[in-house]
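Reviewing the structure listed below.
Numbered from 1 within each chain, the chains take letters A, B, ... in sequence-line order.
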Protein chains: 2
Amino acid sequence: MEVARLAGVSPSTVSRILNGTAKVSDDKRLAVLAAIASTNFAPNPMAQGLKKGRSMTIGIVVQDISSPFFDETLRGVDDGLAGTGFASVIVSGHWNEEEETDRIRLLLARKVDGIILLSGRLSDAAVLRFSTQRPIVSTGRDLHTRNALGFKLDNEHGAMLAMRHLIELGHRRIAFVTGPRHNNDADERLAGYKRALHEADIALDPKLIVEGDFHEAGGLLAISHLFESQQQFTAIFAANDLSAYGVRLCLYRKGIRVPDDISLIGFDDLPGSSYTTPPLTTIRQPLYDMGRIATHALLRLINGETADSAIPPLELVVRETTRRVR
Amino acid sequence: MEVARLAGVSPSTVSRILNGTAKVSDDKRLAVLAAIASTNFAPNPMAQGLKKGRSMTIGIVVQDISSPFFDETLRGVDDGLAGTGFASVIVSGHWNEEEETDRIRLLLARKVDGIILLSGRLSDAAVLRFSTQRPIVSTGRDLHTRNALGFKLDNEHGAMLAMRHLIELGHRRIAFVTGPRHNNDADERLAGYKRALHEADIALDPKLIVEGDFHEAGGLLAISHLFESQQQFTAIFAANDLSAYGVRLCLYRKGIRVPDDISLIGFDDLPGSSYTTPPLTTIRQPLYDMGRIATHALLRLINGETADSAIPPLELVVRETTRRVR
DNA sequence: CTGTTAGCGCCTTCAC
DNA sequence: GTGAAGGCGCTAACAG
């Protein structure tokens with residue numbers, strides 16, 4: 001080492017000072033520190049990693065890097081990582097099981113010290129399998145092993161919260177815009193929709209359930225179809241906020257007022273939802289907190305500690321797209 | 001190497017096959033490939049990096065990981081990196097010069113092979129200084145050295161596009177919501193606002209210029225203030241889309257119709273802007289393309305090749321928030 | 001064509 | 001308390 005030479009000590013001593021591995025006399029310590037400062041030396045992480053088997057990097061798997069849904073969580077991860085010395089490599093699975101598998105393999109090949117999996121299509125079994133190589137925490141699943149931890153929100157309950165709100169406002173004919181097929185969260189929200197109807201003794205009308213895709217375009221299309229099929233309804237529950245935005249636009253195009261003519265409720269509470277016109281009533285997911293909490297948990301798993309999977313619950317945020325039916 | 005032993009060859013031969021560095025007889029190649037498959041071996045990137053002085057990682061500096069503005073660009077970067085073998089480490093500067101400097105240092109310490117800097121507060125001089133260590137490409141600046149390349153859009157021109165559109169529609173009293181102080185893009189857009197007014201022989205009324213912060217809340221506040229000060233105007237030009245969303249909400253709260261009573265135009269064309277109510281007329285920034293193009297350029301710089309800094313121009317996207325003044 | 005050798009930068013014994 | 005030696009996994013140069 002350059003620094004060692006400059007300070008007139010051996011490389012080992014420099015290493016000891018950098019890592020606090022052993023006691024070093026004050027004079028040498030000072031000399032080394034000075035040499036480090038003058039060289040502005042920093043240890044090479046690749047060499048460290050090679051030696052210690054730790055890359056000080058964690059992998060994050062999102063599904064879409066430009067979706068506000070994931071980005072809010074990423075912000076939590078980012079803050080959770082601050083000051084820990086860990087950096088993160090973010091990859092996208094694009095809601096595609098194969099791609100997701102591929103990306104995780106890639107992260108593992110890069111020797112990340114742990115993985116945060118946000119949503120996705122992977123089976124729990126697959127996640128468990130990967131977790132034998134590195135600790136994994138994941139949102140949207142129930143997992144509790146030494147190396148894998150899941151953070152699951154009660155989507156069905158959240159959907160019931162939304163429905164009860166609508167029902168309390170006197171709505172009976174409530175349309176539901178689903179998420180994409182085979183999506184867990186989407187399925188559970190649909191279940192909540194049905195259960196709330198049942199709970200309130202309102203007959204389920206399958207015609208009021210239309211298929212969306214968790215995106216604006218899908219929401220818009222879904223509701224257009226509903227109008228074409230001449231259904232009557234006074235409220236719409238969209239399986240996520242993005243769909244609700246699309247629904248909102250469809251309503252605007254038809255000259256239907258929200259909430260005067262039709263009430264609308266979403267799910268997620270994306271950052272933009274307090275600035276839609278009018279601001280959207282929705283079910284709040286603690287996206288940022290989930291990011292932070294999942295990160296802390298992963299760090300604990302990496303250190304061989306245990307972690308729990310408690311997260312804040314879903315809650316109803318009443319804004320201005322819902323009102324009492326006339 | 002495990003694999004080498006298994007295949008009965010030397011580690012170098014394995015390396016040669018993996019890298020295609022030299023010709024290897026077919027039988028050995030087959031044996032090695034088989035051994036690799038059975039072990040599902042993958043070379044350790046840290047060892048490779050240590051040896052070759054390349055980490056196959058690039059650093060991305062954004063200002064806010066959860067802003068749709070940056071995320072759209074990140075998507076371009078992500079796609080640009082696909083299949084190149086490079087991974088990316090994303091860090092946030094939070095619009096803070098010190099933090100930005102710090103993060104770049106961190107990336108450099110991690111031995112990234114290059115850096116993509118998205119916007120930010122750093123001086124060109126600082127960027128140039130960093131670029132002596134690793135190639136850097138940056139959006140929002142004019143830079144053309146062997147190791148640093150800037151991608152700059154003509155914000156002033158973009159603002160003029162917006163203003164001319166409004167002026168052609170007959171607007172004369174046009175309010176402007178600025179971006180944050182000391183922000184280059186924001187300043188240039190303001191310049192474009194003024195220049196377009198001048199070009200059209202419309203007297204500049206400083207009272208119509210109100211300060212925003214590039215966020216929704218700032219836009220909302222700015223226009224509230226404007227109303228309080230009793231100004232008359234028929235159109236609002238917001239320095240970015242996020243501000244425009246805030247403006248839109250303020251107008252909604254006051255019962256002012258868009259575009260019937262007041263026209264509104266933004267700047268950026270964020271993905272959400274085609275789904276606001278009504279869809280927002282704005283100036284389109286080629287965010288995704290910038291991400292892709294900047295990435296390709298960086299890859300070229302990393303390989304010691306030259307790259308140019310051509311990007312698609314800003315363009316007006318007319319949607320439904322502007323109309324002819326009555 | 002292929003094995004041997006050396007070294008990337010660091011950390012961790014192991015001696016002194 | 002501190003230096004010397006060895007090795008993490010890989011590849012490039014050097015022999016053959």
Give me the atom names and distance for the closest heavy-atom approach of [X] to [Y].
X: A:Phe214; Y: A:Ala186; result: CZ-CB, 3.9 Å
X: B:Ala35; Y: B:Leu6; result: CB-CB, 4.1 Å
X: A:Ile115; Y: A:Val112; result: CG1-CG2, 3.9 Å
X: A:Asp113; Y: A:Gly53; result: OD1-O, 4.3 Å

Check: Taking the side chain as C-beta and beyond, is there a heavy-atom pair between B:Ile136 and B:Gln133 under 4.5 Å?
Finding: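 No - every pair of side-chain heavy atoms lies 4.5 Å or more apart.
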Could you state the atom-to-atom distance from [atom1] of [X] to [atom2] of [N] in whole Å?
X: B:Arg5; N: C:dT2; atom1: CZ; atom2: C1'; value: 19 Å
X: B:Ile17; N: C:dC1; atom1: CD1; atom2: C1'; value: 11 Å
X: A:Ile36; N: C:dC10; atom1: CD1; atom2: C1'; value: 13 Å

Next item on the list: Determine, for nucleotides 8-16 of chain D in 5'-to-3' order, which nucleotides have protein heavy atoms under 4.0 Å from the base (write B), from only the sugar-phosphate (write S), or from neither (write -).
Entry: BBBBBB---
Note to self: How about CD on B:Glu98, more than 12 heavy atoms from neighbouring residues, nucleotides or ligands closer than 6.0 Å, or not?
What the structure shows: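 Open.
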Check: So B:Glu72 and B:Arg75, salt bridge (charged side-chain N to carboxylate O under 4.0 Å, His left out) or not? Walk me through it.
Finding: CA-CA 5 Å; B:Glu72 198 48 23; B:Arg75 204 164 57 79; 2.7 Å; yes
Next item on the list: Quick one: pull up CG in B:Leu74 and CD1 in B:Ile116 and give me the separation to the nearest 0.5 Å.
Entry: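 Reported to 0.5 Å precision, the distance equals 9.0 Å.
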Item checked: Relative orientation of the end axes in the helix from C:dC1-D:dG16 to C:dC16-D:dG1, expressed as an angle to the nearest 10° (five pairs per end) ->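 End axes: 50° apart.
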Next item on the list: Output yes when at least one side-chain N/O atom of B:Lys28 is less than 4.0 Å from OP1 or OP2 of C:dG3, else no.
Entry: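 Answer yes for this pair, as a side-chain N or O of B:Lys28 is under 4.0 Å from OP1 or OP2.
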